[in-house]
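Take a look at the structure below.
Convention: sequence-line order gives letters A, B, ...; per-chain numbering from 1.
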Amino acid sequence: MKPDYEIGMTSLPGNGEIAQELRVLAAYLAFEGQSIYRVLAYQKAAREFGQLTDSVALATLEGRLTELPGVGPAIEAKVREYVETGRIAQLEKLRSSYPEGVLEVAELDGAGPKTARRLWDELRIDSLLAVKAAAEAGRIRALKGMGAKSEAKLLSSAETALARGPAPAPRRLLGHVEEPARRLLQALLDHPAVAQAEIAGSFRRRRSTVRDLDLVASTDEPETVGRFFGALPLVARVEQSGLTKVLIHTHNDLDVDLRLVPPASFGNLLQHATGSAQHNVELRGFSQKRGLRVNEYNVEEVQTGKAHPCAEEAAVYELLGLSWIPPELREGRGEIQAALEGALPNLVNREDLRGDLHVHSDWSDGRRTIEDMAIAARDRGLEYICISDHSKSIGMGIGVSDDDLRRQSEEIRLLNARLDGIELLAGSEVDILADGEIDLPDDLLASLGFVVASIHSGFQQPVERIMARFRSALENPFVDAIGHPSGRLLGRREGYALDIEELAGTAAATGTMLEINASYDRLDLRAAHARRAKELGALVVISSDAHSPRGFDLLPYGVGEARRGWLEAKDVANTRPLEDFRGLLRRSQR
DNA sequence: GCCGTTTTCGGCCCGACTGTTTTCAGTCG
């Protein structure tokens with residue numbers, strides 16, 4: 001007999017939904033003034049659930065939830081209550097005691113749970129609009145411990161948040177901050193008083209989006225460097241300015257945090273500022289058990305008080321008995337344990353890539369000829385590329401007809417005879433149609449060197465339909481890879497519903513590759529899915545999706561996402577020489 | 001609320017900056 005829960009399987013709440021409930025509960029507990037550690041415990045569990053590829057609801061019903069780090073009996077009971085009844089009684093009670101608007105107030109820049117609570121208790125402020133009205137009437141400055149500056153700050157934050165609407169502060173695409181970040185770094189490096197400088201934070205960890213920029217520098221003249229930084233032309237205003245820290249806001253609304261230490265501590269600061277917060281929390285907990293205290297200046301022996309400043313970042317990890325951990329792994333996802341055991345992955349590098357299997361030309365929506373793209377790829381050290389223009393169904397008049405595709409293959413044969421130092425594969429980016437069909441006939445598919453199949457339509461279909469389309473594509477022996485598997489566009493589109501467990505499992509079973517599309521607004525597969533794909537035995541291919549020569553310069557973003565997914569060169573098919581790569585393809589095994 | 005090569009109880013990462021204070025609370029990363 002089947003367990004009861006399988007009857008209503010599709011109605012199980014998703015991980016994101018459960019995580020959100022816990023986040024709201026944590027916010028209320030903070031507002032109530034409960035122990036910060038209790039609040040942190042709920043936040044940690046929410047974060048854990050948000051990153052999990054497995055189903056939290058299913059794990060709960062199968063009694064496996066407490067196996068997750070940070071989940072004990074109390075949180076397990078609340079999740080179980082939510083999965084079984086659709087509500088958490090304690091949270092509903094809190095919701096009926098305080099309007100949810102008080103949580104928005106607590107989220108304001110410059111406010112927090114304590115401030116929000118006082119505004120509610122003393123002024124009955126329960127919304128951003130109420131903050132604005134009270135500030136404008138001068139009622140906030142009348143509170144003990146508040147002043148005109150605090151009031152002005154809250155007013156400004158409330159106005160900003162109201163103008164922005166319900167969405168959280170937008171994160172920037174990594175690819176969009178690359179240039180300003182490099183410019184700021186160069187300005188620091190060019191200053192005579194700066195010894196060393198680096199970009200840290202989520203930028204250095206190569207997260208696909210960043211909230212702000214974190215720069216670090218070493219100098220013996222922090223005041224001079226701080227003043228210089230605050231006076232750079234792109235600075236709109238200086239938000240904070242101390243002896244070790246300068247926070248600026250640029251004209252294009254980027255927050256930039258500069259930290260300064262003496263040269264002997266540069267390694268400590270770089271480690272500290274690279275994060276992530278979760279990694280640092282775990283690293284410090286780990287250190288504490290070994291009698292060491294880690295901060296941005298040194299590693300200190302607690303017993304003796306002896307301090308060890310580190311000019312190099314690797315020395316910080318070495319003092320803790322760990323191998324140096326690549327920044328892309330520093331997310332609190334098991335990297336410290338791996339470093340302790342000497343089991344860190346040897347991450348894939350851009351230089352490992354020999355081929356690019358997803359390239360467009362002016363035959364479809366690319367902007368340059370096949371030959372131009374081939375030469376651009378060769379100039380960037382690639383040995384082979386696949387011309388994979390869109391097939392006919394893409395619409396908008398940019399798809400390549402079946403007859404044109406045959407002619408294109410012929411042109412590619414001629415180019416291969418003529419060009420040295422680069423090999424071209426004739427290919428196609430075919431559409432997985434709404435019914436799961438591939439929009440090229442099998443004989444044409446069979447004649448190509450490589451085929452990537454992507455979903456470009458029917459995004460709103462439920463997960464069952466989407467997965468049925470993928471299954472159909474994966475079962476086609478002439479589909480070599482799935483392109484941008486989730487369909488997400490960062491900051492613009494969530495992507496369609498995707499079951500990565502099934503997709504990666506079936507990809508592994510059929511020998512189909514999964515693409516990491518390197519366009520910095522896609523980065524799809526995302527890191528967590530890439531890691532899961534590796535665990536399930538699927539091969540990954542990192543592709544630029546280049547539409548012009550500069551498109552090849554996107555490859556490092558795909559490599560960054562792959563590294564965040566713990567991928568090594570051996571996990572990435574296009575690190576192979578062409579002949580080896582061909583040997584991996586299903587079509588070559590027929 | 002969670003957790004354990006010091007612990008099943010007593011800790012929990014650690015420091016900078018600001019504003020409003022005359023010594024610190026709150027926020028932030």
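- Distance check on atom P: B/dT20 versus B/dG26 gives 14 Å, rounded to whole Å.
- Looking at the side chain of A/Tyr37, the nearest of the listed nucleotides B/dT27, B/dG1, B/dG29 is B/dG1.
- Taking 4.0 angstrom as the limit, A/Tyr297 places a side-chain polar atom (N or O) nearer than this to OP1 or OP2 of B/dA16.
- Taking every side-chain heavy atom of A/Gln240 into account, B/dC17 is the closest of B/dG15, B/dC14, B/dC17.
- Between A/Ser287 and B/dC13 there is no side-chain polar atom (N or O) within less than 4.0 angstrom of OP1 or OP2.
- Near DNA chain B, meaning a heavy atom under 4.0 Å from it, residues 148-156 of chain A has A/Ala148, A/Lys149, A/Ser150 in order of number.
- Note on A/Glu282: nothing from the nucleic acid sits closer than 4.0 angstrom, heavy atoms only.
- Candidate nucleotides B/dG1, B/dC13, B/dC17 were compared by shortest atom distance to the side chain of A/Thr244, and B/dC17 ranks first.
- Which of B/dC12, B/dG15, B/dC2 sits closest to the side chain of A/Ile75 comes down to B/dC2.
- Note on A/Gly110: only backbone sugar-phosphate atoms sit closer than 4.0 angstrom, heavy atoms only; bases stay farther off.
- Each of A/Thr115 and A/Ala277 lies near DNA chain B, and the nucleotide nearest A/Ala277 is the one positioned closer to the 5' end.
- If you check every strand for non-hydrogen atoms under 4.0 Å, A/Leu143 touches nothing.
- Dashed line: the shortest gap from a side-chain N or O of A/Arg211 to OP1 or OP2 of B/dG29 is under 4.0 Å.
- Closest approach to the A/Asp257 side chain among B/dG29, B/dG26, B/dG1 is made by B/dG29 (side chain taken as heavy atoms from C-beta onward).
- Here A/Val71 lies in heavy-atom contact (under 4.0 Å) with sugar-phosphate atoms only.
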